Every structure is written in C-alpha cells, then in structure tokens.
Amino acid sequence: MAKDFSTMEDSNRSSNPSIHEISSPARRTLLKGGLGTALGGLLAPLAATLPGCAATGGTGPLLGFKSVPLSTADRLAVPEGYIAEVIAAWGEPVGLSGESPAFKEDGSNTAAEQEAQMGMHHDGIHFFAQDGSKSGLLVMNHEYVDDGLLHRDGLKTWSAEKVRKAQAAHGVSVIEVADKGGKWEVVRPSPWARRITSRTPMEFSGPAAGHALLRTAADATGRRPLGTLNNCASGITPWGTYLTCEENFIFYFNGPEQPNAHERRWGLRKNGAGYRWHEHDERFDAVKHPNEPNRFGWIVEVDPFNPSSTPIKRTALGRAAHEGATVAVTRDGHAVVYSGEDARFEYIYKFVSRDKIKPGGGRANADLLDHGTLYVAKFDAGGAGRWIALTHGQGPLTAANGFADQGEVLVKTRQASDLLGATKMDRPEWIAVDKQGWVYCTLTNNSERGAANRPGTDAPNPRADNSMGHIIRWKDAGDFDATSFQWNHFVLAGDPANARAEARGNVKGDAFGCPDGLWVDGRGVLWIQTDMSTSAMGKGDLAKLGNNAMLAADVHTGETRRFLVGPSGCEVTGVTGTPDGRTLFVNIQHPGESPSEKSDPDQPRRYSNWPDFRPAGRPRSATVVVRKADGGVIGT
Ligand code: FEO
Ligand code: CA
Ligand code: CA
Ligand code: CA
C-alpha cells in the first residue's frame, strides 16, 4: 500500500505552478523580473479565458457549502443557496448563421439538422472567456450516442441516414454563451458557433503524419483523416486552443474474423462494431480498410477562435484510448501534456514539448505539439516512479521488435509501452494539476484486477476487484518535465458503510465510487465527478451510493464533500467555470441510460425524463449552469 497522502512532505511545494496559476494576474506578479515576465506576457491574452484565474474567494475555507445528500431521484440537486439551470441540451441549435433547426422531441430531426444542433452525450468542456466572466465560448465534446433516443424509431430500422445522423451527433460543439441579466443563454446566431463531427475534414501532424499505417484507399497521403469520435475528456492549451480526445474508437469498427496481433492488442474483432456504422459507411469496415482504425485514438487540437480552422490530430502525443489531455507549463515555458488511457490495465502518458511556448496565441504555437518526447509512467513500490521515453531506437523500440520508425511507435503506443514494462493501471481517466504541482489521475475501477490470468494487485493499484476506484497523484521531481516522480494515493474511493473491507476505502468525508471527471478550479478546489456504470449502479458495492455525483475535495485536508447529484441514469462528466469563480458549467451525460445501453424509443422516459420532464419528451444530455443565489464564489 502507498503512503497516506497527508503524511507526505510537499518537498517542492509551490515550485510547479499549474496552467491556471501561471496564467493568473497574481502569478505574473510573483514571477515578475524573471521568466515570469516572458511567460506572463505571452500568456496574458489567455489569462482571462482560464477558469477561476482571478483572485476568487478570499481566504476562507476551501469548502464552505452544505453537503448534498445521496439520492436516487430523477432530479439534479445542488447545495442550499445554489441555483442550477439547464442550457445547451442535445438537439438545441448551436447558432450557425441561417441554420437554426428546432429540436424535435420525438427524435425526428434529420441528419442535416443534427449537424447544426448540439450533439449527444456531453463530456469534456471548457469556458473560453471573451468578456471577462460575462460571455465566452463553451467548447464541449459529444462522446457517443444512444441510437434508441437519437432516432424516432430507435434501432427498429437502420439506414445510411441514421448513420449520418449518429455521426453528426458525435464530435465537438462550439457555442457562444452570455450572462443576460443573471441568466446564461446561448447566443444565436454567433460567428463562433461550430459543429465538428465524425465527418469533418482534419489533418494529421507530427511524426506519424503520412505514415504507411495511416494511409487508406480514400487518403493515399495518410494526412487527411475524416472526423473524430468518442470524444471523452478534454484539455486546453496556454495558447488558447482546445484538446479533444478519442477514447473508445475501436467499437466503431468491424474487424476480421482472425485479427492480426496489432488488431488484437487494440481489441478489434468481428462483430465488434456496436454502433453499426460500417453497415452503411464502409470506412468503418476494417476488413476492407484495415488502416482506418489507426486514424483514431489521437488527441485533436481545435482552435475555437478560428471557426474555419482545420482540427489537427497531434500524433506526437501518441495513440491510445485517450481520456483527457491536461497541459502544465514548466518554469522555463515548455508544455507538458498528461493523458490517461481508460481501459483496464492500460497506461498513463506525458508529452514534453521540445520547444518553448511563444507569444502570439494559436498561430504562433501551431506546431508546438508536433515536436517533443512522449513518456509512459512506471510506478514503483515505495512511492517513487519513472517516466520512460517512447523514442524509436531507444531500448527495445527497434525494428527488430516491430517498430520501423517513430511513426510506428506512436501508432502502436500500447505495444511500445508493453515492451517498456510500464505500469498497468486501473483505467486512468481524467488528470488535473493543483497549485502545488501535484498531478492527480482518477483510476475509475477495475473489476478484473487480481482475477485469474489477469495482473494482480500492486502498490499503485492496491485493491483486487477494484469496484470503487481511486485517485493517484504524483509530483514530478523539480518540474513537470522531469523523468522521475514521487507518488501516493490521494484517496481510495469507497463507502464507509460497506460490509466489504476492500470497498470501504479511506474517504475523509462523503462517500463516492468510480471517480472519473477531475478539475482544479482557480481557488485550488479539486472537483471529482463520478461514473458508476449504469449496469453496476445501485447494486453490489455501489448499492447505497445513489446517482452519479460531483464532489469538491480540499487537497490539503483530503476532505471530500458532495456538491451535486445528477438525475437518474446519468454520468456527471465535464466541468469548467468563469474566471471570477461565480459560475460553473457542469455536463450531465446520458440521463436515463438503460441497463441495456440502448434505450427503447417506445418507452423513452422509462428511466429518466430529465431535464424537460415533458410527457412526450426524451431524456437529454445537457450543460448545467450552477451559481450561488447571492452571486458569490462557488464553493465558498
Ligand atoms: Fe469516456 Fe473513460 O470515459
Ligand atoms: Ca462518458
Ligand atoms: Ca470519463
Ligand atoms: Ca468513465
């Protein structure tokens, strides 16, 4: 077992500013005269866009609200004295000029209409401020779809039009939002409004761009992929762009009866395409187009301030079932991107840029994420750890072992990490960096830890049949680009009332299970969002934990306090805020998800009717705006 976090000395406390801290007015003052001047100057234009960067909340305790009780009700609950309002639900028009198709609650909007509307299953999100904390852009992911709710008759029939609508409900939305006299609204039309879908033309950049493994019949250059999908957690860069991650891409592809070793390692199999796109879009039939799956699993950079820009898949950051891309900045101005791969026994990665961040926003840093070193984490027993470079020609990453060049190392990041002996984790989800330079990663759960013929427990993943998950954290030695680190467990999640010792955890405060979303706000509060799966919710170890929730944690004391409980069948995932700390935007994904994962359009409200509660309506993913009734800073 690792040490308790509270007894571990913060040896380099304050030495590693987070992206938020380094961009804040206070930080720029602190750093004045040294590198801070340079960084402060280059980051100044972005400072206003970073969440909670302004001095917010004064000196009171981090957690100043009354805990929200556990609940199984089909409603969203926030603490006493707080207000929650829904905006930007699935199907609402995003505000494209001249295209504002109204949402039809019977699911009868066409594919073309869906291309101008909010997608389904909101996930990672960020608020890019434009006018202080009064207006800005909300950029968010739409992870996947529930075809039972998306189409009027669900899956009773299947057609090219339905596939196109499903593809249009995936991807990313950019919407303009404004505080209109105390109520946040979507601005329509807006010159910034944009939909990026699974059909949007994109580019590859970095070492694998143009690689033979990325070439297809439709794209002989290997540089022009089409679309993004299963966009889960997200991140932002100091130069004002959005990073969206392609997570469980393999389930969109039909595989061969006998997959090769590469395909097997990534889980490709015959009849594995649960979304059935390949039946009407042969790009997703990997039997016909075996390299098409290699064109997914990347981190995609989107410039929301340039609506006509082409999204870029940054191959230098590696290919994985990526969950999030969290950027930290070293004291001398290099960008470091942390990313988890959410699958059982997969890995945690970081990329360190070769070059320093330049002044001038997105255009000046257009290739910053194309050059650098990708590392995978090895957590040793005893609280030490190492970052091992995924560099062709080093160690076992040679042609003799199947890696012809760096491009192949990046396309086959999993296989390279296997060879390097990296630590197989309990499903790494989101990553966040606190003001002391600790980097937190949620390990959501792992029902196969310790099972027959599967990896056993180890120091970083200490519980067999890990139903509750945990949050690990590390501090890189000296600065974010170091190749060694110290780690410990911030918390083993759990339910103190659970009869099973392994499921009790060591929470100090409110019980929770399956941590997933993670964010550090401007005051330093660590926000934790839960994703107990619908099939497991309310049963076994999770029996008494109610609906998925969001908690606030005090990183100094370890206390967790429940702030929000979502409606029935939802996951709470994605949170961001305004610079003044007075508005939070929280995404509610798949309310009413049925245990079968495909809802029945004849009984769309069987599990939830949130947020419209209309007799003929369907449950909808949406963004929730949370404020304090007295206009105060959230959490105080
Ligand atoms: Fe899409 Fe791992 O959550
Ligand atoms: Ca999700
Ligand atoms: Ca997640
Ligand atoms: Ca999850």
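This is a predicted model, so every value here is computed, not measured. Both ligands and their constituent atoms are indexed starting at 1 by order of listing. The residues of the chain are indexed from 1 along the displayed sequence.
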**Message:** What is the name of the N/O/S atom of Asp531 that is nearest to the Ca ion (ligand 4)?
**Reply:** OD2
**Message:** Between atom 2 (Fe) of ligand 1 and Glu247, which N, O or S atom of the residue is the nearest one?
**Reply:** OE2
**Request:** Give, for atom CE of Met140 and atom NE2 of His121, the distance between the pair rounded to the nearest 0.5 Å.
**Result:** 14.5 Å
**Message:** Between Asp516 and the Ca ion (ligand 4), is there a contact where an N/O/S atom of the residue lies under 3.0 Å from the metal?
**Reply:** yes
**Request:** Measuring from the Ca ion (ligand 3), name the closest N, O or S atom belonging to Glu429.
**Result:** OE1
**Complete:** Trp387 meets the ring-ring contact (aromatic ring centres under 6.0 Å, His included) criterion, sequence neighbours left out, with Trp474, Phe485
**Prompt:** Among Thr228, Asn230, Asn231, which one satisfies side chain to side chain donor-acceptor pair (under 3.5 Å) with Glu246?
**Reply:** Thr228
**Residues which pass ring-ring contact (aromatic ring centres under 6.0 Å, His included) with Tyr252, listed by chain and number, not counting sequence neighbours** = His170, Tyr275, Trp277
**Complete:** Angle subtended at atom 2 (Fe) of ligand 1 by Asp342 OD2 and Glu323 OE1, to the nearest 10 degrees, is 120°
**Prompt:** According to the interplanar angle, ranging from 0 to 90°, do the rings of Tyr242 and Phe128 count as parallel (below 30°), tilted (30 to 60°) or perpendicular (above 60°)?
**Reply:** perpendicular
**Item:** Among the N, O or S atoms of Glu323, the one nearest the Ca ion (ligand 3)
**Value:** OE2
**Prompt:** Backbone or side chain, does Glu571 get an N/O/S atom under 3.0 Å to the Ca ion (ligand 3)?
**Reply:** no
**salt_bridge(Glu502, Arg463) N-O dist < 4.0 Å** = no
**Request:** Kindly give the atom name of the N, O or S atom of Glu429 closest to atom 2 (Fe) of ligand 1.
**Result:** OE1
